[in-house]
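No experiment lies behind these values; they were computed from the predicted model shown. Lettering follows sequence order; numbering is per chain, from 1.
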Amino acid sequence: MDIYDEVMELAKRRGFLWPSFEIYGGTAGFYDYGPLGARLKRNIEDLWRKFYVVGEGFYEIETPVIGLEEIFRASGHLSSFTDPIVECESCKEFFRADHVEDRCPVCGGEFGEVSEFHLMFRCFIGPGSKRAGYLRPETAQGMFIDFPRLLRFFREKLPFGVVQVGKAFRNEISPRQGLIRLREFTQAEAEIFIDPHDKSHPRFDEVKDEVLILFPQDADEASRWKLADAVEQGIIANEFLAYHIYLTYRFLIGVGISEDRLRFRQHEADEMAHYAADCWDAEILLDRLGWIEMVGIADRTDYDLKAHEEVSKADLGVFMPYREPKVIERMAIKPNMQLLGPRFKGSAKRIADALSQIDAGSLGDQEITIELDGEAVTLTRDMFEITRVKEEIRGEKINLHVIEPSYGLDRIFYAVMEGAFFEEEVEGERRVVMRFLPNLAPIQVCVLPLLGARDELLKISRKIHDDLRKRGLIAEHDESGTIGRRYRRQDEIGTPFCVTVDYETLEDNTVTVRFRDTMEQLRVRIDELHAWLISELGI
RNA sequence: GCGGCAAUAGUCUAGCGGUAGGACAGGGGCUUCCCAAGCCUCUAACUCGGGUUCGAAUCCCGGUUGCCGCACCA
């Protein structure tokens, strides 16, 4: 068994992860998070919110999992996620229909019918099949679609960010490798809308001297880069992106990923979506699976907003005032309504409008002929006035650019599990410990009575357990088996602290606190236990 | 999707034509109570469907699922 097998075995056995639909035979690409897994995942998500919602001041929204067909036509998923495929009738190999000639490149055999393969799950909204919907293949689109509302919510103050944590769905052809490629998975994405003319970051100064392992697209290998240098030398496209690469780094370190198994790889030119200005993947080195993408951090430019603008016809632009209004002088035509009115009656207004459209700069002292409803109308020189006017242009309407960190939480969950997994020998016995960071551990503390003077100790330990739970801690109580066995049970599910009620407790109201990682012990007064735990757990 | 390999208690595994065995985990009991001790006891499995055979966990065919390779992975 390699580490992957060991981790998955433990995960199954102790209630972290179960293959879905087991009693019906199971289906690849779906996993259930069991009681401990769901808790661990929630803790990871909450920590993510601490970084992005609390730390960065972004806001979380929640949009439907089902999207309309139009959304994915705009986003490009409908065409890029639907491949025409053909099967060779002799060797049964599948090919992209648009990538091959009329004979099989492998064996030269005949092709069968062309069929469509949808990477998006299709469904129908309402009765009948008139309105097609798709399960979203990413959480991002919901945030783009809400752009006009968001812009108003943030009172047009740039930059602003919005996040979404939720399920996304892709009907993968062959899901593999446990949590790495799922058909239903959890994403945490942030969309940060920024001024395309200013991709500096207000807090870049705080991070510019930090050093990360970068693997730029032209490089042969990953190496250490100071962020300021990477931006200056054009390795990372801009400060804003660099800041978010670093934020991703901090988060991944924050869930316990070890630094030497973490790198940022820039997408190759042909791998990068055509609209992206720059894109980096945070990759984690896993034991069996190698370097696996966990997070994508991209500068998506104005692609998404433009695309939705085109399909929806909604205005997804924003008015960007210039620092100084631009003053332009030009010659303008001013219609003389006192003459036009009586002369043209009901058409006068339209004639005046048409006049104002004419570029007056080239006009001499002459009559103007304009066309109105197919008829030529001649306006004599006294019907208008040409004046020099000053005009102020205060800004322009543009589409904002988008910086998008996109996290695959299931993959990160697995990386956390693998990173926490340790086995060691203690007095000839194998000890398996999940060294989750205390703030992520699914169970925060387990209360154990020594079982010598059973009833008395039990009474106290149950009361302590009860009390800790009432005060908001995730606490277990275990009274079966020897004390050593019970410690090991907690080690295996990563409970950072065990609290043991022993004989000394009866004398001085203290308990033993036992540390998961070192197995060291400490005495703590019962009335100080809760505060002690809160501080040690870092919550 | 294709190809190769595989599938036995909660977990890991033995058995490879003739009564399905072990280890760990779990429940109960005795004993012990600060690191998976010991003893007794209980619970618990042949992935599914066909076929061959007197008899199939075992051989054959198919489905399902998993692992590996190919393909796929905006």
Side-chain angles (χ1 to χ4, degrees), chain A residues 1-2 4-6 8-15 18-30 34 72 75-83 85-88 90-96 99 104-107 115 117 119-120 137-138 140 170-178 180-183 267 270-276 279 288-289 292-293 296 298 300 303 406 408 426-433 448-454 457 479-492 498-504 511-516 518-521 523:
Chain A
M1 280 221 277
D2 58 14
Y4 175 85
D5 286 329
E6 299 248 27
M8 290 307 277
E9 185 265 310
L10 186 148
K12 257 194 281 190
R13 194 160 40 78
R14 299 310 304 267
W18 296 318
S20 296
F21 322 129
E22 263 188 311
I23 67 165
Y24 288 106
T27 297
F30 297 94
F72 303 113
S75 70
H77 287 98
L78 204 56
S79 51
S80 64
F81 263 41
T82 306
D83 293 336
I85 52 173
V86 286
E87 186 183 11
C88 168
S90 51
C91 71
K92 304 293 176 196
E93 201 61 47
F94 267 83
F95 299 94
R96 282 279 296 271
H99 285 183
C104 171
V106 173
C107 70
S115 54
F117 185 81
L119 242 55
M120 283 192 293
E138 59 176 28
R170 294 182 193 183
N171 200 3
E172 297 283 352
I173 297 172
S174 66
R176 286 281 171 82
Q177 302 169 323
I180 303 304
R181 259 168 76 201
L182 294 170
R183 289 190 165 122
H267 277 204
D270 59 350
E271 179 183 11
M272 207 167 323
H274 62 276
Y275 50 82
C279 184
R288 178 200 289 184
L289 308 170
I292 298 287
E293 172 195 353
R300 297 175 66 107
Y303 173 82
S406 172
V426 178
E427 289 166 27
E429 297 277 359
R430 186 173 107 112
R431 184 172 93 110
V432 173
V433 196
L448 317 165
L450 275 190
L451 293 179
R454 229 180 170 106
L457 296 180
E479 52 195 81
S480 92
T482 61
I483 190 71
R485 173 184 299 256
R486 285 179 277 161
Y487 283 147
R488 297 300 169 84
R489 271 190 202 130
Q490 296 304 319
D491 289 342
E492 206 180 35
C498 285
V499 168
T500 306
V501 176
D502 50 30
Y503 303 112
E504 244 180 285
V511 288
T512 299
V513 174
R514 180 261 195 188
F515 292 83
R516 173 194 68 198
T518 59
M519 302 196 291
E520 281 166 5
Q521 304 193 337
R523 293 209 72 82

Any base atoms under 4.0 Å from A:Gly178, or only sugar-phosphate, or nothing? Heavy atoms, all strands.
sugar-phosphate

With respect to the phosphate group of B:G26, does any side-chain polar atom (N or O) of A:Arg489 fall under 4.0 Å of OP1 or OP2?
yes

Suppose we define a pair by two distances each less than 3.5 Å, Watson-Crick or G-U wobble; what does B:U58 pair with here?
none

Write down the partner of B:G69 under the Watson-Crick or G-U wobble criteria, each distance required to be under 3.5 Å.
B:C2

Give the rounded distance in Å between these two atoms: CD1 of A:Ile23 and P of B:C48.
14 Å

For B:U65 and B:C48, measure between their P atoms and round to the nearest Å.
15 Å

Spacing of A:Arg181 atom CZ relative to B:C72 atom P, expressed in whole Å:
11 Å

Select base, sugar-phosphate, or nothing to describe what A:Thr27 touches, counting heavy atoms under 4.0 Å on all strands.
sugar-phosphate

Under the 3.5 Å rule, do the base of B:C35 and the side chain of A:Arg514 count as making a donor-acceptor pair?
yes

I'd like a list of close polar pairs between nucleotides 37-44 of chain B and the protein, N/O only, cut-off under 3.5 Å.
from  : atom 1 : to       : atom 2 : distance (Å)
B:A37 : OP1    : A:Arg485 : NH2    : 3.2
B:A37 : OP2    : A:Thr482 : OG1    : 3.0

By nearest-heavy-atom nucleotide on RNA chain B, the more 5' of A:Thr512 and A:Ser480 is A:Ser480

Mind calculating the distance between CD (A:Glu492) and P (B:A25) to the nearest angstrom?
10 Å

Kindly say whether, by distance alone, the side chain of A:Ser174 makes a donor-acceptor pair under 3.5 Å with the base of B:A71?
yes

For the C1' atoms, the ones on B:A14 and on B:A9, what distance do you get once it is rounded to whole angstrom?
14 Å

Inter-nucleotide C1' distance (B:U43, B:G28), Å rounded:
10 Å

Out of B:U65, B:A74, B:A36, which nucleotide sits closest to the side chain of A:Ala28?
B:U65

Identify which nucleotide among B:C12, B:C34, B:A74 has an atom closest to any side-chain atom of A:Glu9, counting heavy atoms from C-beta outward.
B:C12

Whole-Å C1' distance, B:A45 and B:C68
27 Å

Rounded distance (nearest 0.5 Å) linking atom CZ of A:Arg514 with atom CG of A:Leu448:
9.0 Å

NA contact type, A:Gly25, heavy-atom cut-off 4.0 Å: base, sugar-phosphate, or nothing?
sugar-phosphate

Among B:C68, B:C33, B:C35, the one nearest any side-chain atom of A:Gln521 is B:C35

Do the side-chain N or O atoms of A:Arg288 get closer than 4.0 angstrom to the phosphate oxygens (OP1, OP2) of B:C68?
yes

Assuming nearest nucleotide by heavy-atom distance, tell me which of A:Tyr24 and A:Lys12 is located more 5' along RNA chain B.
A:Lys12

Using the P atoms only, state how far B:C61 lies from B:G66, rounded to an integer number of Å.
22 Å

Can you tell me the pairing partner of B:U53 across any strand shown, Watson-Crick or G-U wobble, with both distances under 3.5 angstrom?
none

Below 4.5 Å, heavy atoms only, C-beta onward: do A:Cys498 and A:Gln521 meet side chain to side chain?
no

Report the distance from atom CG of A:Leu182 to atom P of B:G66, rounded to the nearest whole Å.
11 Å

If you only use heavy atoms from C-beta on, which nucleotide in B:A74, B:C73, B:C33 is closest to the side chain of A:Leu450?
B:C33

Indicate yes or no for a side-chain donor-acceptor contact from A:Arg486 to the backbone of A:Gly481 under 3.5 Å, with no hydrogens or angles considered.
yes

Would you kindly give the CD-to-P distance between A:Gln177 and B:C67, to the nearest whole Å?
8 Å

Is any side-chain N or O of A:Tyr487 under 3.5 Å from a base N or O of B:C34, one able to act as donor and the other as acceptor?
yes

Closest approach of A:Trp18 to A:Gly34 (non-hydrogen atoms, all atoms of both residues):
CZ3-CA, 3.7 Å

Re B:A20: Watson-Crick or G-U wobble partner, both distances kept under 3.5 Å, found to be none

When rounded to the nearest 0.5 Å, the distance separating CE of A:Met8 from CZ of A:Arg288 is 9.5 Å

Across the strands shown, which category fits A:Asp5 at heavy-atom distances under 4.0 angstrom: base, sugar-phosphate, nothing?
nothing

Euclidean distance, atom CD1 of residue A:Ile483 to atom C1' of B:C33 [Å, nearest integer]
7 Å

Non-neighbouring partners of A:Phe21 that pass ring pair (Phe, Tyr, Trp, His ring centres under 6.0 Å), sequence neighbours left out:
A:Phe30

B:U32 - base-pair partner by Watson-Crick or wobble geometry, distances under 3.5 Å:
none

Short side-chain to backbone donor-acceptor contact, A:Arg485 and A:Ser480, under 3.5 Å
no

With a 4.5 Å cut-off on side-chain heavy atoms, are A:Glu492 and A:Val433 touching?
no

Any donor-acceptor pair under 3.5 Å from A:Arg183 side chain to A:Ala28 backbone:
yes

Could you tell me how far apart A:Arg176 (CZ) and B:C68 (C1') are, to the nearest whole angstrom?
7 Å

Between B:C33 and B:U11, how far is it from one C1' atom to the other, in whole Å?
28 Å

So, does A:Tyr4 get its side chain near the phosphate of B:C67, meaning an N or O under 4.0 Å from OP1 or OP2?
yes

Expressed as a whole number of Å, how far does the P atom of B:U47 sit from that of B:A7?
8 Å

In whole angstrom, give the distance that lies between atom CZ of A:Arg430 and atom P of B:A36.
15 Å

Would the distance check show the side chain of A:Tyr4 and the main-chain N or O of A:Gly178 forming a donor-acceptor pair, the cut-off being under 3.5 Å?
yes

Take atom P in B:G21 and the same atom in B:C42, then report the distance between them in whole Å.
14 Å

